[in-house]
There are 2 protein chains.
Amino acid sequence: MRNIGRAQAKRSSAWHLVQSVDRALSLLDLLGNGNASWGISEFSRATGLSKAVVFRLVRTLERHGYVMQSEDRRYTLGTKPLELASVVLHRFDVRQIARSTMLDLAERTGESVVLTAPSRDGVICLDTVDSPQQIRVSFRLGRVTPWHAGAAGKLHMAFQPEPLIQQVIARGLPRHTARTVTSKSRLLRDLARIRRDGYAFTVGEFDDGVAAISAAIVDSRKEVIAAVSIGGPAQRFSDERLQGLVKEVQQAAGKISLLLLGSPSTGGPPMSEARVLQNPREVR
Amino acid sequence: MRNIGRAQAKRSSAWHLVQSVDRALSLLDLLGNGNASWGISEFSRATGLSKAVVFRLVRTLERHGYVMQSEDRRYTLGTKPLELASVVLHRFDVRQIARSTMLDLAERTGESVVLTAPSRDGVICLDTVDSPQQIRVSFRLGRVTPWHAGAAGKLHMAFQPEPLIQQVIARGLPRHTARTVTSKSRLLRDLARIRRDGYAFTVGEFDDGVAAISAAIVDSRKEVIAAVSIGGPAQRFSDERLQGLVKEVQQAAGKISLLLLGSPSTGGPPMSEARVLQNPREVR
DNA sequence: AACGGGGTTTCACAATGCGAAACATAGGCC
DNA sequence: GGCCTATGTTTCGCATTGTGAAACCCCGTT
């Protein structure tokens, strides 16, 4: 994690990123991945940049609300990312459409429900509904999980174009738990199985003790644009319950896909703030 | 909206932002506020920067996932802001703590519920629960609304330090609807009243036809760190129902404040992804 | 074929961003 | 208190880095 600027800038002659912007965004990455709060010197050490540079970069980020200084003079993420996220989320209209079905699914299965979409380097969590039970799994909005670990990840991976699949494998399959699939052949077999069965079921591949079932949501062109999944403590996914749960998840995914057809919009209405609206028509 | 770079850079001698970073972030602002998708030339016209500059800035933003290029070669926001937002949200532990009470409040009042916190230039929406009714108001996670308009805005403003209040007024009170409070004296009277009564009630100040009731959530030092509000179509906030609704919102806010005392953590645990957890103990 | 409008690349110039080192401030330790 | 180290902040001369006009490509339209 050293020399983030200089090194990247000259990776190829005609690529030319803007050095200072590249550096600034790398600082944001540090704020997003590592500790919650950083000092200037800490940044400086982590990146190999001089304190003066870091200072002015951070100052600029601060001006725009991306970082903020707490009382103890350390820096943390500001609220601007959240603001932008609101716009990003708004673009995924699956979210609005899926909501009521997700609530229903949580009710029927008693497990937590999560809506995901494929993203740059993994799948990103678009919405969640927490299980009503005392003991439950909690997903995190905006969280990115890797392609190769977990039900949602593998499901989305299964329906990506072949070159991307190969690329992901080529980049390595880091282990997250004892049960993470790290072998290429095993992973490919899993993906084939997912395509055949139309759902993914995993146990503890990304988080120990967490089981999940995932099914694809398709748009009018049969493209997989999202997935619904349920997740919970592994012991609740017993053999007897499993088929029933799978059916529930698949039905939910199918229902959302149908609702998606009903509103062929996609794109962006003028986006008002908090407008009065009606429930999307239920499909039975 | 012209000359965003050059102009800001030399606003004061020792302020020195990093020009290119400043420019890049301004592009993100455009993506967040204006149309959902932009072309290079469009950016160029809107900012007064040369196409070449815009291009390389956008390229750099793209590398880091802040923007992405759609098939039609135009640029939109990428998913990185969402990723960062996940971390930002995680820092507000009120969110976890308030959740169940918010669900309860939505149930009892039949209106949509929203959790907000003071932010740089307004109040930001941290979490929402949609009303179970057919006709309802829908709030947007991450959305920032101005200090002076709406129940949550005015409530938070009322409990801000005096200099900030003056500053907000000095910056002007833009009108959003016919009922927005744009007079300084009227606003100050409203704030005094809110401090006295311990809640804010507004009708159609930010969105036409939307009424809202807001109450403060305080931490162990009695600082107002967040607020719960309910919102719905104005006609449902009749005189007969009003006092009951106010009581509900206040009780919810009080309960959350209490729960907040129970978990004096604040700060950041190692933050696991999707961990098994228990419901926060209910307080009756 | 010529045109207009997009995105992308080139290139020589100098403004811009750089980083070593000096400065300021805060806290810990004896 | 006074020493010390570690932090955040500022200065300043140099040259690296970012700049923008113009040229380039690639479409779709006229």
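Computed from a predicted structure; not experimentally measured. In what follows, every chain begins at residue 1, and chains take the letters A, B, ... in the order their sequences are listed.
- Of the side-chain N and O atoms in B:Gln19, none sit less than 4.0 angstrom from OP1 or OP2 of D:dT17.
- One atom, CG of A:Leu49, and another, P of D:dG8, lie 15 Å apart when rounded to the nearest Å.
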**OP:** Begin with the C-alpha distance, continue with both residues' side-chain angles, and end with the deciding distance and a verdict on side chain to side chain contact (heavy atoms under 4.5 Å, CB included) for A:Val18 and B:Val21.
**Re:** CA-CA 9 Å; A:Val18 178; B:Val21 175; over 6 Å; no

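- Counting only residues at least two apart or on different chains, no ring-ring contact (aromatic ring centres under 6.0 Å, His included) pair has a member in residues 152-171 of chain A.
- In terms of the salt bridge (charged side-chain N to carboxylate O under 4.0 Å, His left out) criterion, B:Arg73 has no residue partners (sequence neighbours excluded).
- As a whole-Å value, the separation of A:Ile40 CD1 from C:dT25 P is 17 Å.
- Atom CE in A:Met68 sits about 16 Å away from atom P in D:dG8, given to the nearest Å.
- Here B:Arg99 pairs with B:Asp127 in a salt bridge; the nearest charged N to carboxylate O distance falls below 4.0 Å.
- Rounded to whole angstrom, the span from the CD atom of B:Glu42 across to the P atom of C:dT8 amounts to 14 Å.
- Here A:Ser20 does not reach the OP1 or OP2 of C:dT16: none of its side-chain N or O atoms lies under 4.0 Å away.
- Residue B:Arg23 places at least one side-chain N or O closer than 4.0 Å to OP1 or OP2 of D:dG20.
- Atom CZ of A:Arg171 has 12 or fewer heavy atoms from other residues, nucleotides or ligands within 6.0 Å.
- Rounded to a whole Å, the CG atom of A:Asp72 is 15 Å from the C1' atom of C:dT25.
- Of all nucleotides listed (C:dT9, D:dG8, D:dT19), C:dT9 comes nearest to the side chain of B:Ala52.
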ask   = Run the side chain to side chain contact (heavy atoms under 4.5 Å, CB included) check on B:Leu155 and B:Thr116 step by step: do they pass?
value = CA-CA 10 Å; B:Leu155 182 110; B:Thr116 54; over 6 Å; no

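- Using a 30° and 60° split on the angle between ring planes, B:Trp38 and B:Phe43 fall in the parallel class, below 30°.
- Using a 4.0 Å cutoff on non-hydrogen atoms, the parts of residues 73-80 of chain B near DNA chain C are B:Arg73, B:Tyr75, ordered by number.
- Regarding contacts with the backbone of D:dG8, a side-chain N or O of A:Ser41 is found under 4.0 angstrom from either OP1 or OP2.
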request  = Kindly indicate, with the supporting measurements, whether the criterion side chain to side chain contact (heavy atoms under 4.5 Å, CB included) is fulfilled by A:Ser220 and A:Leu261.
outcome  = CA-CA 6 Å; A:Ser220 54; A:Leu261 289 182; 3.6 Å; yes

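- D:dG8 atom P lies 12 Å from atom CH2 of A:Trp38, rounded to whole Å.
- Atom CG in B:Leu17 sits about 15 Å away from atom C1' in D:dT10, given to the nearest Å.
- Note on A:Arg45: a side-chain N or O is less than 4.0 Å away from OP1 or OP2 of D:dT7.
- Side-chain N/O atoms of A:Lys51 and base N/O atoms of D:dG8 include a donor-acceptor pair closer than 3.5 Å.
- The list of salt bridge (Lys or Arg N to Asp or Glu O under 4.0 Å) pairs with a residue in residues 24-36 of chain A, not counting sequence neighbours, reads A:Asp29-B:Lys80.
- The terminal axes of the helix from C:dT16-D:dA15 to C:dC30-D:dG1, fitted over 5 pairs per end, subtend an angle of 10° to the nearest 10°.
- Taking only side-chain nitrogens and oxygens, B:Gln69 comes nearer than 4.0 Å to OP1 or OP2 of C:dT8.
- Distances shown here put a side-chain N or O of A:Arg59 below 4.0 Å from the OP1 or OP2 atom of D:dT10.
- For B:Arg175, there are no salt bridge (charged side-chain N to carboxylate O under 4.0 Å, His left out) partners, not counting sequence neighbours.
- Between A:Phe43 atom CZ and D:dA6 atom P there is a gap of 20 Å when expressed in whole angstrom units.
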